[in-house]
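Report on the structure given below.
Not measured: the values here are computed from a predicted model.
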Amino acid sequence: MQKPVLVIKLGTAVITDEKGIIVQSIIKKVAAEVASLSGQYRIVLVSSGAVGSGRSFFQHYKGTLTERKAAAAVGNPILIRHYQKHFSAYGIPVAQALCERHHFSSRPRFLQLKETFEEFWKNGVLPIMNENDLVSNVELKFSDNDELATLTAIGFDAGALIICTSVGGFMDADQQIIPRVDKVDGRILGYVRTDKSSLGLGGMLSKLTFTRLANSLGIKVVICGLGGKAPFTDALAGRTGTSFRPQASNLKARQKWLASGSITLGSIFVDKGAARALSLRKSLLSVGIRKVQGKFTPGEVVQLIDEEENIIGVAKAKMGAEEVAANLSRKNVVAAHADDIVIF
């Protein structure tokens, strides 16, 4: 029986100081923890920190898109060198896996990615993922590494996803860590503060958005810090951080891949009747589509949004954006087949 997949995401604020410099003691602790868990899991490490590591090489850095791309290109080899140094103490070689959105939105490319990771694990190599910032178009970028980690966990059918944060877990209104959350609902979202670190892109709202997606597809999510001797082990056991309970899911691998392409370039907005039909596993008909947003081609994955602006699922579009828009409100025109739709 294969070991389950564990995805661990480390944000910039967790592994760097206020100047963006990698903290060696933290990377050393991460290496020790991952090494101790490697006997139980096939592990993917999703690590930020490249931009922070490279930005000091650019004069008058202001954080523009071009500057971030350049800083990431300089910082990525610095980041991976630190990981190589500390994982080598445990005899674990590391591989740098720089990904772009098309690795998830195209089924053949995703399967190639998955096969490569299987080869890593088979040979005891730890893949360390990050976005390929140098070539990623602004319209094609992941929103942040919380999204990359979540889509990886979903696509690889992970048993658990650890999101490591500088605050140590999800906090209530009194700034106390909530040990367990059964459902990410309005009450939980009401606790969220909208601030974020100066170095990172994501905030707690981003983490909860992707936590809800992962939970809906049967993946346990833990938001935790790096305190203590065994932070990941303790977090998985529920002793530290916040554990988010997964829902039961019987989706097939292909359907989970569809879900891993969520938060995409395109959106299809549906009316109440279409939303109800989709919940009953029906095909999406043009008559129930209110509007189309973004650019997508036939076969690409789009998100489905209801009248309350909630993302209710994803679908592989049968038609491109222009054709869908041209057929709005027409009867008996199928925009996505039932087998190509996943409702959360």
Side-chain angles (χ1 to χ4, degrees), residues 2 5-9 42-48 50 69 72-73 76 80 94-123 125-158 161 210 213-214 217 219 249 251-268 294-304 311 313-324 335-337 339-342 344:
Q2 278 194 324
V5 173
L6 171 64
V7 178
I8 302 171
K9 184 263 178 177
R42 292 174 290 162
I43 298 174
V44 181
L45 194 61
V46 179
S47 178
S48 303
K69 285 173 175 282
N76 264 316
I80 206 71
V94 301
Q96 186 175 48
L98 298 179
C99 294
E100 301 163 49
R101 184 175 287 283
H102 67 75
H103 289 115
F104 291 88
S105 61
S106 164
R107 180 69 173 167
R109 287 194 185 105
F110 174 74
L111 291 176
Q112 289 175 6
L113 178 70
K114 195 171 183 180
E115 287 175 3
T116 302
F117 275 55
E118 292 289 352
E119 194 67 24
F120 288 149
W121 292 323
K122 187 169 65 177
N123 291 278
V125 177
L126 173 71
I128 300 178
M129 295 183 77
N130 200 355
E131 180 166 14
N132 192 358
D133 289 290
L134 180 64
V135 298
S136 287
N137 185 288
V138 64
E139 293 181 338
L140 297 171
K141 286 180 67 62
F142 299 103
S143 60
D144 53 46
N145 271 349
D146 293 326
E147 180 181 8
L148 174 57
T150 303
L151 302 192
T152 301
I154 295 169
F156 289 2
D157 196 19
L161 165 63
F210 297 116
L213 173 61
L217 296 166
I219 299 170
S249 175
L251 296 181
K252 299 177 181 177
R254 185 176 177 280
Q255 292 173 310
K256 288 194 174 184
W257 163 74
L258 276 173
S260 77
S262 64
I263 323 299
T264 61
L265 294 178
S267 301
I268 293 178
K295 298 177 181 179
F296 54 89
T297 59
E300 287 193 314
V301 179
V302 298
Q303 56 191 9
L304 304 173
I311 300 173
V314 292
K316 188 173 79 169
K318 185 173 181 288
M319 304 178 288
E322 291 183 1
E323 190 176 358
V324 174
H337 289 293
D339 290 342
D340 292 329
I341 297 172
V342 175
F344 304 148

So, taking the atom named [atom1] in [X] and the one named [atom2] in [Y], what distance separates them when rounded to the nearest 0.5 Å?
X: L213; Y: E147; atom1: CG; atom2: CD; value: 9.0 Å
X: T152; Y: D157; atom1: OG1; atom2: CG; value: 13.0 Å
X: I43; Y: I128; atom1: CD1; atom2: CD1; value: 11.0 Å
X: Q303; Y: I268; atom1: CD; atom2: CD1; value: 10.0 Å
X: L161; Y: F156; atom1: CG; atom2: CZ; value: 13.0 Å

> side-chain contact (heavy atoms from CB on, under 4.5 Å) between E118 and R42: does it pass, once the steps are laid out?
Replying inline: CA-CA 9 Å; E118 292 289 352; R42 292 174 290 162; 3.3 Å; yes
> So, are E323 and K318 salt-bridged, with charged N and O less than 4.0 Å apart?
Replying inline: no
If you look at every heavy atom in [X] and [Y], which pair is closest and at what distance?
X: I219; Y: A158; result: CG1-O, 3.5 Å
X: F110; Y: G155; result: CZ-O, 3.2 Å
X: A50; Y: N76; result: CB-OD1, 3.3 Å

> Checking side-chain contact (heavy atoms from CB on, under 4.5 Å) for the pair V302/V324: CA distance, chi angles, key distance, verdict?
Replying inline: CA-CA 12 Å; V302 298; V324 174; over 6 Å; no
> Side chains of V5 and W121: closer than 4.5 Å at any heavy-atom pair?
Replying inline: yes
